[in-house]
There are 2 protein chains.
Amino acid sequence: MSSDKLSKRVTLHDVAQHAGVSYQTVSRVINDDPHVSKSTRQRVLQAINALDYRPNYAARSLVTRRSNLLEIISFGATHYGPSQMVTHIERAARRLGYNLILSHITDMTTQEINSAVNRLSGRLVEGIILITPVIGVSYEEILGITRGIPFVMIDTPLGSNAPGVVINQHYGGELATQHLIALGHRHICEISGPLNWFGAIARHESWLSTLRVAGLEPGKSAAGDWTAVGGYQATQQLLTEDRTFTGLIVGNDQMALGAMRALREAGLRVPEDVSVVGFDDIPEAICFEPPLTTVRQDFDALGAQSVEYLVDRINRPEQPAQQRVLYPTLVMRQSTRAVP
Amino acid sequence: MSSDKLSKRVTLHDVAQHAGVSYQTVSRVINDDPHVSKSTRQRVLQAINALDYRPNYAARSLVTRRSNLLEIISFGATHYGPSQMVTHIERAARRLGYNLILSHITDMTTQEINSAVNRLSGRLVEGIILITPVIGVSYEEILGITRGIPFVMIDTPLGSNAPGVVINQHYGGELATQHLIALGHRHICEISGPLNWFGAIARHESWLSTLRVAGLEPGKSAAGDWTAVGGYQATQQLLTEDRTFTGLIVGNDQMALGAMRALREAGLRVPEDVSVVGFDDIPEAICFEPPLTTVRQDFDALGAQSVEYLVDRINRPEQPAQQRVLYPTLVMRQSTRAVP
DNA sequence: GTGAAGCATGTGAACGTTCACAAGAAAACG
DNA sequence: CGTTTTCTTGTGAACGTTCACATGCTTCAC
């Protein structure tokens, strides 16, 4: 509550003078150096308060070569998953004493990532989180671009040797497919996500392999673009080729919404005629018509873990890269039922 | 593609030596100072390239007292609107040469905003965008907290004297209500958002006043929490009090999804028995059952404009505060129809 | 009571830029 | 051709911190 003038910023020296000590002593107090007597620390803290002093990060990071800054390079931030992650990444970063700078990219190209990194490399960013859910840039390229800045990748393929945190999408696909098989479905089709997304590929492949392992012939598949409208159109197209399936696996919940709409328009009831499973468990899924059975992804945990892992890598860079894996869960609702 | 050692950062001096000029000349080239001859500029640029030099922001902002950093303090970032805005704010900020630091807050209290500002005030943040859609902290308090840092508020009440960019929610509410009136509805109820959100209040009030102006008695109203489930529950409650309405205005699209579900379960068809209007026009709304008539908010424009206005305020701080207003539009689909 | 050890505090330099000013070279003017 | 003007380049200081080291004082052991 001081009447500070905006014309001059308060510095270490001002505080020092006010407290009657040297600037170095003030610096020690700020950085919690134990070699300060109780009484002087008290006095300095009072001075800091009285003058409303705030340490200048620019000056500090100039000499320490640390910035307390993390960067997040995200692709597809308008989608539910990524946007959810960003929120939780920020929260986790703050908890660990970092601030977060945002960088969205709209094309998954070396070019774009390069410019996102370069734009901030002068800021001495200490670590980078990359949300790179689509094919386009390899781990090796990223390694070249980041030039030694620690990073963690989210949504890379399972088994990649890049440091990262991923949700096991194969397991998720298996969960969905097994669920339908267990309900007695023999003819199961799929609406996949765009097949340049790792998650879409993994779910597609596990749909295929799970069916094969069960001795069943996979039905038709069509690809959507993650949106409800895309799911609607893909399902319409699927229906021109095949109208006899009883199970449908859809790459995410938004597309499932569109898919159910297309089915209904074609005179097929969910779940009486066709059982539908989605992915993600968006908050709205429970209010779909009917409430959607879906494979839940814990994006919150994904975000939090990725920051923790990144900070771990910053502090111990010599540690070999690892891939931390999270597992999705099946949420059963009313869009699936047993074949009569 | 130089084989730079990580042990030593490349500085102005290195570049200067490599190019055979003084460090100041290099500085001039970087800052596009016209007082450099063509040939030396050429030579310096080559040296910069060869050494892969990146200016150190910390050093630069130490002397210039500028950071090229904007902060966004957002509340409710898991909701569709805010998360959409953040994406577009980042894009707009980058276009204008700024980087964006993220700060989410979970409670709309002076305390929380204060700590979000303080946490970054040492970074010499040049401007702040506040997404403050709920009651809790007044403009005057914000003014005290920010201490002279330019800021722009999003989602403040219409007519507030805070500098800001807002969507005219009164107009939106009018649009929705007028639409139903024009279709012949006489008995119109409402599911509002939480009534500590400015937008929810504005829509609620304009629903009331539009009906009164038209000489109609407002129906019942219940408040939801913006989620589909919340809308579902609020509608169920509404139905215990009144089942005779033919029009329903719902505070956002997610709640409208839940509302339609509750109506259907109660044996009421949309739109045959009840016409429903939502707000926002989320991408899924077109695939609802039936496709939702809704009042579209242009969050992209809102985000972009707020950054432009903020930068304007940074450059011309003496300019008096203004409120820039955007207008929503009605998107007609199949959830509304004329009363027979 | 003397030397070593530990603690509290202070001093000078450095981090990598930009700013203000100076200086030299080239161009323009009478 | 001398003088002013313009353009290009260089020098020293400053921004606000932290780091490495120095200093003086206290404490402790023998």
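Small disclaimer: the values here were computed from a predicted structure and weren't measured.
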Proximal nucleotide (of [options]) relative to the [X] side chain:
X: S37(A); options: dT18(D), dA8(C), dG16(D); answer: dA8(C)
X: Y23(A); options: dT17(C), dA13(C), dG12(D); answer: dA13(C)
X: S27(A); options: dT17(C), dT18(D), dC7(D); answer: dT18(D)

Between atom [atom1] in [X] and atom [atom2] in [N], what is the gap in whole Å?
X: L124(B); N: dT17(D); atom1: CG; atom2: C1'; value: 12 Å
X: N31(A); N: dG16(D); atom1: CG; atom2: C1'; value: 13 Å
X: R28(A); N: dT11(C); atom1: CZ; atom2: C1'; value: 11 Å

Q) In terms of side-chain geometry, is the basic nitrogen of D52(B) or R147(A) positioned less than 4.0 Å from the acidic oxygen of its partner? A)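 A salt bridge is present here (some side-chain N lies under 4.0 Å from a carboxylate O).
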Q.
With a 4.0 Å cutoff (strictly under), does any side-chain N or O of Y53(A) reach OP1 or OP2 of dT17(D)?
A.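 Y53(A) to dT17(D) OP1/OP2: side-chain N or O found under 4.0 Å.
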Q: Ignoring backbone atoms, establish whether H35(A) has a side-chain N or O less than 4.0 Å from OP1 or OP2 of dA8(C).
A: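 Looking at the OP1 and OP2 atoms of dA8(C), one of them is under 4.0 Å from a side-chain N or O of H35(A).
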Q) Looking only at atom types and distance, does a side-chain atom of E71(B) sit under 3.5 Å from a main-chain N or O of S103(B), one as donor and one as acceptor? A)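 No; judged by distance alone, with no hydrogens or angles, the pair does not exist.
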Q: Describe the nucleic acid contact of T40(A) in one word from base, sugar-phosphate, nothing, applying a heavy-atom distance below 4.0 Å.
A: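 Sugar-phosphate only.
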Q.
Counting only heavy atoms from other residues, nucleotides and ligands, does the tally under 6.0 Å from CD of Q322(B) exceed 12?
A.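 Result for CD/Q322(B): enclosed.
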